[in-house]
J.: 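Mind having a look at this structure? Questions to follow.
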Amino acid sequence: MNTEQPTAVVEENTEKFHIEPGTILKLKREEAGLSKKQVADRLRLRIAIIEQIEKNEFEPDQVATFTRGYLRSYAKVVNADEAEVLAALDATVGTQAPQEQEMKSFSRKTNREKHDSRIMALTWGIVIVIVAISSVWWWQNQQKDALELSIEEDSALVAETEQQPELDTAIDQISAEPSEPVTLPSDTATEQSQPTSQEPVVESSDTAAEATTEAATEVTAPVEPEVVKPEVVANRLEISFNGECWVQVKDATGKTLISGIKRGGEAVELEGKLPYNVILGAPQNVSITLASETVDLSGYTAGKAARFTLP
């Protein structure tokens, strides 16, 4: 019988040749027919960084942050094995402690959170500013509409007040016109001119004719009504109010004739030494007459105080 004896396996203690990661990537690049510039353009890196990688010039403080990422990207471009490249890197410079990598990762996360917080705060600030501007714009439009409505009402009131003196003047003119003369019929005049039969006729014919003529003249003469003209006082100041208004009037001596708030429907008459210094808080609510002549207040803007001197 042939006895099978185990064949002695002679292990060769040959050391494998260690290839650095930059050398692996360089060989793969040359096999792919790519230049350093092409790889740098695809990775968006500087050619100097590609040259450092291929020369295996790695800085220890960049292994965990940049170098490993660069090597992975480079391996993908030249179709190299990422695991083999990283293993060669670990054999060349050694790996960093996991605790250090975790601390760096935590620091990176903290920076990102700070960045996100800043962006969020800026966003909220912009939103608040937009809301504030919109609120101010809306409030200004409301105030503008209210002011325009008030101006329109004041203008209508001023126009009505200006028309009122014209109407009063027209009424005064109509009432001042003389009535038509009253003429009696001729028969009545003849009867009056003839003496009654009961009275004795003593007067002569000439005297009777004169009496008849005077009687006819008295009857036919028009009766003119007596027009009573209002007394015009040069320093009489009349103020009427169709709305609430603060008023102050001083004469030439500095004496205050009136000062205070008057309400619609009130009227005052003042007499002092000319000229008058007048201040009106709401001129659109006031009508003024000096010496029976109306003072024009249409030139004063509604909503603003009016200051002027009369006459």
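This chain uses plain numbering: 1 for the first residue, then up along the sequence. Owing to the predicted nature of the structure, the values given are computational and were not obtained by experimental measurement.
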J.: Rounded to the nearest 0.5 Å, how far apart are NZ of Lys273 and OG1 of Thr253?
T.: 7.5 Å

J.: For salt bridge (Lys or Arg N to Asp or Glu O under 4.0 Å), just list the numbers for Arg29 and Glu54, CA-CA rounded to whole Å, side-chain angles, deciding distance to a tenth of an Å, and then say yes or no.
T.: CA-CA 10 Å; Arg29 177 180 63 78; Glu54 292 185 353; 2.6 Å; yes

J.: Working to the nearest 0.5 angstrom, can you tell me the gap between Lys144 NZ and Trp139 CH2?
T.: 14.0 Å

J.: Which residues pass the side chain to side chain donor-acceptor pair (under 3.5 Å) test with Asn277, sequence neighbours left out?
T.: Thr309

J.: If you draw a 6.0 Å radius around NZ in Lys250, do more than 12 non-hydrogen atoms from other residues or ligands fall strictly inside?
T.: no

J.: How long is the gap from OH on Tyr70 to CG on Leu43, to the nearest 0.5 Å?
T.: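 Going from the OH atom of Tyr70 to the CG atom of Leu43 covers 9.5 Å.
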
J.: Would you give the length of the straight line joining atom OG of Ser73 to atom CD1 of Ile53, rounded to the nearest 0.5 angstrom?
T.: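 Answer for the OG-CD1 pair, Ser73 versus Ile53, is 9.0 Å.
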
J.: Is any side-chain heavy atom of Leu297 closer than 4.5 Å to one of Leu280?
T.: yes

J.: If you look at every heavy atom in Asn285 and Glu244, which pair is closest and at what distance?
T.: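 Residues Asn285 and Glu244, closest heavy atoms: ND2-O, 3.2 Å.
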
J.: Look up atom CG in Asp90 and atom CZ in Arg68, then write down how far apart they are to the nearest 0.5 Å.
T.: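 Reported to 0.5 Å precision, the distance equals 5.0 Å.
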
J.: Can you give me the closest heavy-atom contact between Ala282 and Val286, atom names plus distance?
T.: O-CG2, 3.6 Å

J.: Could you give the distance from OG1 (Thr301) to CD1 (Ile151), rounded to the nearest 0.5 Å?
T.: 8.5 Å

J.: Looking at Leu290 and Tyr276, what are the two nearest heavy atoms and their distance?
T.: CD1-CE1, 4.0 Å

J.: Could you go step by step and tell me if Asp41 and Lys37 meet the salt bridge (Lys or Arg N to Asp or Glu O under 4.0 Å) rule?
T.: CA-CA 6 Å; Asp41 292 340; Lys37 187 177 185 309; 3.1 Å; yes

J.: Tell me if the CD atom of Glu271 is crowded by more than 12 foreign heavy atoms within 6.0 Å.
T.: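 Above 12, so yes.
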
J.: Please give me the minimum heavy-atom distance between Gln284 and Ala302, naming the atom from each residue.
T.: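 Between these two residues, the closest heavy atoms are OE1-CA, 3.6 Å.
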
J.: Kindly indicate whether the side chain of Tyr74, heavy atoms from C-beta on, has any atom under 4.5 Å from the side chain of Lys28.
T.: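 SC-SC contact between Tyr74 and Lys28 ruled out.
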
J.: Return the minimal non-hydrogen interatomic distance between Ala234 and Ala291, and the atom names on each side.
T.: O-CB, 3.7 Å

J.: Measuring only between side-chain heavy atoms, which start at C-beta, is Ile279 closer than 4.5 Å to Phe308?
T.: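 With C-beta onward as the side chain, the pair stays apart.
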
J.: Please name the residue in the list Leu25, Val85, Asn56 that meets the side chain to side chain contact (heavy atoms under 4.5 Å, CB included) test with Glu20.
T.: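 So the option named by the test is Asn56.
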
J.: Using a 4.5 Å cut-off on heavy atoms from C-beta on, say whether the side chain of Leu310 contacts that of Pro275.
T.: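 Side chain of Pro275 against side chain of Leu310, heavy atoms only: no contact under 4.5 Å found.
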
J.: Quick one: does Ile239's side chain get under 4.5 Å of Leu237's, heavy atoms only?
T.: yes

